[in-house]
Amino acid sequence: MTEFRFERKKENISDYIKTTMFKDNFAHKFLIVALIICLIIVAVSGVVMYLTVKKPSMLIITVVGVLLAAAYPLFLHFFIKNLTDKLSRANPEEEGVTIAISESNILLIRNNAPCGKLEWTDITEILESKTGFFLTEKEGALIILGKSSLHSGSYEEAEQILRAKKAALK
């Protein structure tokens with residue numbers, strides 16, 4: 001059994017947001033590619049219109065396309081940072097809680113006494129990232145198992161269990 005402290009570290013939350021937005025999210029990847037293509041078309045058409053119509057005001061279209069292309073990554077960065085700050089705020093009810101992972105279930109422990117239990121059938125999604133694992137419970141709750149939150153046991157043991165459970169979900 002491997003135990004993790006229940007923590008909302010900014011590095012883990014930021015990693016979770018980036019993982020869900022970019023790693024396995026085809027729709028978001030498609031929208032980003034479509035946005036880039038549209039902005040390139042807007043910028044190029046501004047230059048083409050300037051060359052054909054000979055009006056300097058047509059370059060405004062190119063400037064707008066370039067500004068939008070630069071603004072989107074900045075907007076995304078600040079959106080992720082703001083959301084990470086909000087989600088990383090500690091909840092007093094979560095203090096002192098440890099999450100124990102085993103082959104049979106997930107046990108929540110407070111002050112060395114069990115305070116909750118989740119069966120693996122209650123888990124609907126398991127994501128792996130560079131900072132740890134993220135489990136989504138059937139009611140939508142997120143369980144963060146960060147490498148830096150390891151309390152006792154072996155991370156490699158938890159990794160094997162979680163990868164096996166993830167494979168079983170598919």
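Note that the structure is predicted; figures quoted are calculated from it, not measured. Each residue takes its place number in the sequence, starting with 1.
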Original post:
Between Ile32 and Phe22, is any pair of side-chain heavy atoms under 4.5 Å apart?
Top reply: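 They are in contact (side-chain heavy atoms under 4.5 Å apart), so the answer is yes.
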Original post:
With a 4.5 Å limit on heavy-atom distance, are the side chains of Ile144 and Tyr16 in contact?
Top reply: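 Answer no - side chains too far apart.
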Not counting sequence neighbours, which residues clear side chain to side chain donor-acceptor pair (under 3.5 Å) with [X]? List them please.
| X | value |
| --- | --- |
| Ser57 | none |
| Asp122 | Lys138 |
| Thr2 | none |

Original post:
With sequence neighbours excluded, what pairs up with Thr84 under the side chain to side chain contact (heavy atoms under 4.5 Å, CB included) test?
Top reply: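 Partners of Thr84 by the side chain to side chain contact (heavy atoms under 4.5 Å, CB included) criterion, ordered by chain and then number, come out as Lys10, Ile13, Ser14, Ile17, Ile80.
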Original post:
Which residues satisfy the side chain to side chain contact (heavy atoms under 4.5 Å, CB included) test with Thr131, sequence neighbours excluded?
Top reply: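 With neighbours one apart ignored, the set is Asn12, Asp15, Ser129, Phe134.
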Subject >> Partner residues of His151 under the ring pair (Phe, Tyr, Trp, His ring centres under 6.0 Å) criterion, sequence neighbours left out >> reply: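 Partners of His151 under the ring pair (Phe, Tyr, Trp, His ring centres under 6.0 Å) test: none.
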Which side-chain N or O atoms in residues 34-54 pair as donor and acceptor under 3.5 Å with protein atoms at least two apart or in another chain?
from: Ser45; atom 1: OG; to: Ile41; atom 2: O; distance (Å): 2.6
from: Ser45; atom 1: OG; to: Val42; atom 2: O; distance (Å): 3.1
from: Thr52; atom 1: OG1; to: Val48; atom 2: O; distance (Å): 3.0
from: Thr52; atom 1: OG1; to: Met49; atom 2: O; distance (Å): 3.3
from: Lys54; atom 1: NZ; to: Leu51; atom 2: O; distance (Å): 3.1

Verify same cluster id: [X], [Y] (apolar side-chain graph, 4.5 Å):
| X | Y | answer |
| --- | --- | --- |
| Phe6 | Leu87 | no |
| Leu107 | Val97 | no |
| Phe4 | Leu142 | no |
| Leu118 | Leu135 | yes |

Original post:
When you look at CG of Asn82, are more than 12 heavy atoms from neighbouring residues, nucleotides or ligands closer to it than 6.0 Å?
Top reply: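 Yes, the 6.0 Å shell around CG holds more than 12 heavy atoms from other groups.
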For the backbone of [Y] and the side chain of [X], can you confirm whether one donor and one acceptor N or O come within less than 3.5 Å of each other?
| X | Y | answer |
| --- | --- | --- |
| Arg110 | Thr98 | no |
| Trp120 | Ile106 | no |
| Ser149 | Leu145 | no |

Can I get a per-line list of side-chain donor-acceptor pairs under 3.5 Å for residues 159-169, giving both atom names and the distance, sequence neighbours left out?
from: Glu159; atom 1: OE2; to: Arg163; atom 2: NH2; distance (Å): 3.3
from: Arg163; atom 1: NE; to: Glu128; atom 2: OE1; distance (Å): 3.1
from: Arg163; atom 1: NE; to: Glu128; atom 2: OE2; distance (Å): 3.3
from: Arg163; atom 1: NH2; to: Glu128; atom 2: OE2; distance (Å): 2.6
from: Lys165; atom 1: NZ; to: Glu103; atom 2: O; distance (Å): 3.0

Could you report the tightest heavy-atom contact between [X] and [Y], atom names first, then the distance?
| X | Y | answer |
| --- | --- | --- |
| Leu76 | Met21 | CD1-CE, 3.5 Å |
| Arg89 | Asp85 | CG-O, 3.6 Å |
| Glu119 | Ser104 | OE1-O, 3.6 Å |

**OP:** Please go through Met1's hydrophobic cluster and name the other residues, only I, L, V, M, F, W, Y counting, with side-chain heavy atoms under 4.5 Å joining them.
**Re:**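 Members alongside Met1: none; it stands by itself.
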Original post:
In the hydrophobic cluster built from side-chain contacts under 4.5 Å, what are the other members alongside Leu67?
Top reply: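 Val63, which link up through side-chain heavy atoms under 4.5 Å apart, make up the rest of the cluster.
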Original post:
salt bridge (Lys or Arg N to Asp or Glu O under 4.0 Å): which pairs involve residues 139-157, sequence neighbours left out?
Top reply: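 Listed by first then second residue: nothing to list.
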Original post:
Out of curiosity, Thr136 OG1 to Ile123 CD1, how far, rounded to the nearest 0.5 Å?
Top reply: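 Rounded to the nearest 0.5 Å, the OG1-CD1 separation comes out at 8.0 Å.
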**OP:** Classify the angle between the aromatic ring planes of Phe79 and Phe75 as parallel (below 30°), tilted (30 to 60°) or perpendicular (above 60°).
**Re:**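 Correct class here is parallel.
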**OP:** Determine the interplanar angle of the Tyr155 and Phe133 rings, folded into 0 to 90°, and report it as parallel if under 30°, tilted if 30 to 60°, perpendicular if over 60°.
**Re:**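 Judged by the thresholds at 30° and 60°, the geometry between Tyr155 and Phe133 is tilted.
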**OP:** Test Leu108 against Ile99 for side-chain contact (heavy atoms from CB on, under 4.5 Å), laying out the working first.
**Re:** CA-CA 5 Å; Leu108 303 175; Ile99 304 165; 3.8 Å; yes
Subject >> For Lys29, all residues meeting salt bridge (charged side-chain N to carboxylate O under 4.0 Å, His left out), sequence neighbours excluded >> reply: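 For Lys29 there are no salt bridge (charged side-chain N to carboxylate O under 4.0 Å, His left out) partners, ignoring immediate neighbours.
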